[in-house]
Amino acid sequence: MGASWLRRLLPVVLCPLVAASVAYAYGQSISHTYEAKAEVSIALSKQQIARQRVGRGEPLTAESLAQSWAEIPSYAAFREQVAAMPGVNYTPAELKAGLRGRSLIGSNRILISARSSSSSQATLIAQQASKNLLIWVDQWPRHPATAKIETPAREPGWPVDPDIPNAVLVAAVIGLSLGSIAAMLIPASPAAGSRRVAAPA
């Protein structure tokens, strides 16, 4: 009884293990794309706060400013400045596809993301882009806002493309399904399907 259960359990264990191993090996063998992120927070400057208190000018909020400032990394002039910063080693055209900015909904924060085939390079680009955004905010006419880096870029541990953890999980689930089907097809006892017929004397 124990041997028959062991025979049925074997494909249930081996199939997901093999499938996950193959998915992991394949993911490691192809080219990777890493994404590093940094968060910059936007706040109203003292001048803007004073203007709004006396009821002059259009009312602004840190959230609305963040939404407008999130478009800055897509500007050609911004990408040119980042490309010229130490260690970036990317052209402005290459940064066009790998450098993004977006505002976090309902907050005064901007998420700067940078993609590269190197995790350390993606981190450096995100760091330099977030620093450059602070300069842009500070040098903007009439200084409507102030900015600071809330979360510095950290080196990503896994690539975003391919998504290896997700691929391994999906492969393991598929392997488990196939292993379960194979286990159900295995006869309960090897003697059940192959009875020996004694030769006539």
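The model shown is predicted, which means the values in this text are computed figures rather than measured ones.
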Between Ser120 and Ser118, a side-chain donor and acceptor under 3.5 Å: yes

Within one Ile-Leu-Val-Met-Phe-Trp-Tyr cluster: Leu176 and Val170, side-chain cutoff 4.5 Å: no

Side-chain donor or acceptor of Ser177 paired with backbone N/O of Val173 under 3.5 Å: yes

Side chains of Ser117 and Thr33 in contact at under 4.5 Å (non-hydrogen atoms): no

All ring-ring contact (aromatic ring centres under 6.0 Å, His included) counterparts of Trp136, not counting sequence neighbours: Phe78

Check against side chain to side chain donor-acceptor pair (under 3.5 Å), Thr123 and Glu155: CA-CA 5 Å; Thr123 307; Glu155 188 165 345; 4.8 Å; no

Co-membership, hydrophobic cluster, residues Leu44 and Ile149, 4.5 Å side-chain: yes

Gln67 side chain to Ile110 backbone, donor-acceptor under 3.5 Å: no

Hphob cluster co-occupancy, Ile112 + Val88, side-chain heavy atoms under 4.5 angstrom: yes

Pro156 vs Tyr34 side-chain heavy atoms within contact, under 4.5 Å: yes

Single-linkage hydrophobic cluster, 4.5 Å side-chain cutoff, Ile125 and Met85 together: yes

Residue pairs, two or more places apart or on separate chains, that pass salt bridge (Lys or Arg N to Asp or Glu O under 4.0 Å) and touch residues 88-101: none

Joint cluster assignment, Leu134 & Trp140, ILVMFWY side-chain distance < 4.5 Å: yes

Expected output: side-chain Glu35 to main-chain Pro159 donor-acceptor under 3.5 Å: no

Arg109 backbone acceptor or donor facing Ser107 side chain under 3.5 Å: yes

For the student: nearest non-hydrogen atoms of Ala172 and Ala20, plus distance: CB-CB, 4.2 Å

Test item: Arg115 and Val160 side chains (from C-beta on) under 4.5 Å apart, heavy atoms: yes

Backbone N/O of Ile42 and side chain of Asn108: donor-acceptor pair under 3.5 Å: yes

pair Gln121-Tyr90: side-chain heavy atoms closer than 4.5 Å: yes

